Amino acid sequence: MPPHTALAELVAEAAERSPDRLALVEVGGRSMSWLQLDDEVSRVAGGLVSRDLVAGHRVMIVLGNRLEFVTSYLGVLRAQLVAVPVNPQASVEEVLRTLADSGSRLVICDAATVATVRGAITRLRAALAGDPVADGALDAGLLERARDPRVVVIGKPSGDRETTYADLVAADATPLPALTEPERLAALLYTSGASGRPRAAMLSHRALLANIEQVASVQPPMMHGDDVVLGVLPLFHVYGLNAVLGSVLRHRAKLVLVDRFDPEGVLDLIDDEAISVVPIAPPVFGYWLPIQHLRERLGPVRLVLSGSAPLSGEVLDRFTARAGVEVHQGYGLTEAAPVVTSTLCSEHPRSGSVGAALPGIELRLVDEHTGDLEGDDPGEIQIRGANLFSGYWPDGSGGPGEDGWWSTGDVGYLDPSGDLYLVDRVRELVVVSGFNVYPSEVEDVIREVYVVAEVAVFGVDDPETGEAVVAYVVPRADADPVEVFEAVEQRVHTQLARFKQPARIEVVQALPRSATGKIQKGRLRGIERRRALGLLDDADG
């Protein structure tokens with residue numbers, strides 16, 4: 001396949017070579033051939049350009065896994081704009097901050113997300129007008145970048161700055177200038193950084209295409225043109241967006257879009273659609289393990305791919321034994337677009353390993369005191385490759401160094417064959433169902449509750465989601481613990497996406513501290529480990 005400059009070129013090529021083959025199928029019956037997909041992508045691009053959007057302007061996409069997510073995302077890229085995919089379950093507060101930070105000029109949403117989008121835009125407009133209450137969540141830097149966006153809704157519009165998706169694609173497709181600069185920004189994907197609130201990784205067309213090609217170079221292949229691929233991973237997440245959708249575009253496979261995961265329903269779908277490649281996150285294995293006749297129900301599947309979070313060796317072995325299906329896992333990050341390693345690249349895959357580096361990606365372990373590490377000593381993982389991001393929005397800070405190496409913040413070790421094993425995180429990220437949660441973000445929300453004096457948030461092991469968020473809260477003097485619990489529960493429910501909300505809130509009299517006054521989260525994690533082992537009653541916490 002010849003090299004490409006822009007990701008949307010993959011669609012045009014597929015439309016030329018396989019016009020009548022199905023590209024997308026949506027649960028419920030809707031579908032698109034490659035020719036239809038290419039035509040609608042061009043219509044979206046033309047509709048955006050006709051609304052005075054120019055190269056580099058940001059467009060937020062707040063949609064679940066549906067046809068319009070794919071056409072909107074690819075249309076944004078074809079128009080040389082910048083896509084900003086957002087979790088459709090995000091709260092008004094989260095959408096507000098992302099709108100302001102990205103400076104998005106237009107938002108594409110549907111009936112399920114339009115109320116949240118409208119609520120965020122209402123608050124943003126008030127903040128831009130100088131309302132001190134409305135702009136409380138937005139610092140000066142965010143307001144400086146913020147714009148008053150228009151809305152395209154799949155459904156009924158409301159107000160003079162809203163229109164419908166049908167209007168957006170109403171005009172015939174017209175040719176647009178081809179992208180000649182692969183370093184041009186393609187997407188802003190928000191991820192939890194080293195500190196503070198989520199920040200956006202700047203992914204260029206070069207980075208997205210490079211990782212698609214790196215994945216395509218793996219032998220035996222993860223995907224080929226005859227495959228039917230399960231599209232249950234959320235498309236706003238880099239794993240679903242580039243590792244799954246990007247690979248489908250590259251190989252001209254068929255993608256079956258699923259907006260909500262249901263263990264039994266997805267197994268039925270696998271049989272109905274003859275799905276052969278199943279990319280999933282680790283929690284899915286736990287949902288499927290107890291199901292009877294699992295081997296028969298996964299009959300069409302030739303390969304299961306696990307990513308976005310570590311999969312324990314025990315679960316992997318149990319699933320493989322029960323399902324009789326080949327399972328391969330890997331390691332990746334948003335900043336790497338995303339795949340870095342895969343057990344498909346291992347000479348002798350071992351349980352517990354996340355595999356070896358993909359072709360075109362270099363990997364090394366370092367220690368800040370001694371430099372490069374050798375043997376099986378653990379160290380911080382650094383990576384280098386054309387798939388790396390261009391730094392964090394808006395100034396490109398935190399990106400690869402002059403020598404091309406980038407520090408991931410994860411700790412691991414390499415075995416003699418070059419396979420990577422993850423050990424820990426340098427940062428305190430909590431990974432819930434494959435999605436990053438930064439404790440300080442949750443702590444900031446809880447601290448806003450007037451009856452809370454102190455709070456500590458961290459992650460604990462969870463059999464269904466990999467990890468879960470737990471919050472330890474100290475009430476203000478004379479506050480009723482029940483009142484504190486209810487107030488915190490209400491606050492996180494309204495201000496945070498569901499996966500960021502604490503699975504449990506513990507109201508305690510004090511938090512353990514070190515001699516220097518730092519909260520000792522390690523001791524709190526020890527309490528949780530004893531609780532999980534049944535060595536601690538809830539009343540003793």
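Scope of the values below: all heavy atoms of this structure, side chains included, with no hydrogens, waters or symmetry mates. Quick caveat, the model's predicted, so the values are computed rather than measured.
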Look at [X] together with [Y] and state whether they make a salt bridge at an N to O cut-off of under 4.0 Å.
X: R51; Y: D167; result: no
X: E68; Y: R30; result: yes
X: R97; Y: E93; result: no
X: R43; Y: E40; result: no
X: E162; Y: K156; result: no

Within the side chain of [X], is there an N or O that forms a donor-acceptor pair under 3.5 Å with the backbone of [Y]?
X: D101; Y: L142; result: no
X: T408; Y: Q382; result: no
X: D110; Y: T113; result: yes
X: T494; Y: Q490; result: yes

Looking just at side-chain N and O atoms, do [X] and [Y] make a donor-acceptor pair shorter than 3.5 Å?
X: S276; Y: D227; result: yes
X: Q214; Y: S217; result: no
X: E213; Y: H4; result: no
X: R147; Y: S104; result: no

Validation row: [X], [Y] side chains within 4.5 angstrom (heavy atoms):
X: S204; Y: F389; answer: no
X: L358; Y: V340; answer: no
X: D52; Y: H57; answer: no

message = Which label fits F435 and F499: parallel for a plane angle under 30°, tilted from 30 to 60°, or perpendicular past 60°?
response =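 It falls in the tilted class, 30° to 60°.
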
Checklist entry - V82 and side-chain contact (heavy atoms from CB on, under 4.5 Å): which partner among R184, R58, M60? => result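 When R184, R58, M60 are each tested with V82, the side-chain contact (heavy atoms from CB on, under 4.5 Å) holds only for R58.
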
**Report entry** Atom CZ of R498 with >12 non-hydrogen neighbours under 6.0 angstrom
**Finding:**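 Result for CZ/R498: open.
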
Point to revise | Steps toward side-chain contact (heavy atoms from CB on, under 4.5 Å) verdict (V256, V229) | key: CA-CA 6 Å; V256 180; V229 182; over 6 Å; no

TODO: Please lay out, stage by stage, how Y165 and T71 fare under the test side-chain hydrogen bond (donor to acceptor under 3.5 Å, both in side chains).
DONE: CA-CA 11 Å; Y165 178 86; T71 57; 2.7 Å; yes

*Y190/W393 under ring-ring contact (aromatic ring centres under 6.0 Å, His included): CA gap, chis, key distance, verdict*: CA-CA 9 Å; Y190 279 80; W393 175 261; 8.7 Å; no

| message | Walk me through whether V27 and L257 qualify under side-chain contact (heavy atoms from CB on, under 4.5 Å). | response | CA-CA 6 Å; V27 173; L257 293 169; over 6 Å; no

Show me, pair by pair, the donor-acceptor contacts under 3.5 angstrom made by side chains of residues 234-241, not counting sequence neighbours?
unit_1	atom_1	unit_2	atom_2	d
H237	ND1	Y239	N	3.1
H237	NE2	G434	O	3.1
Y239	OH	L305	O	3.2
Y239	OH	G307	N	3.4

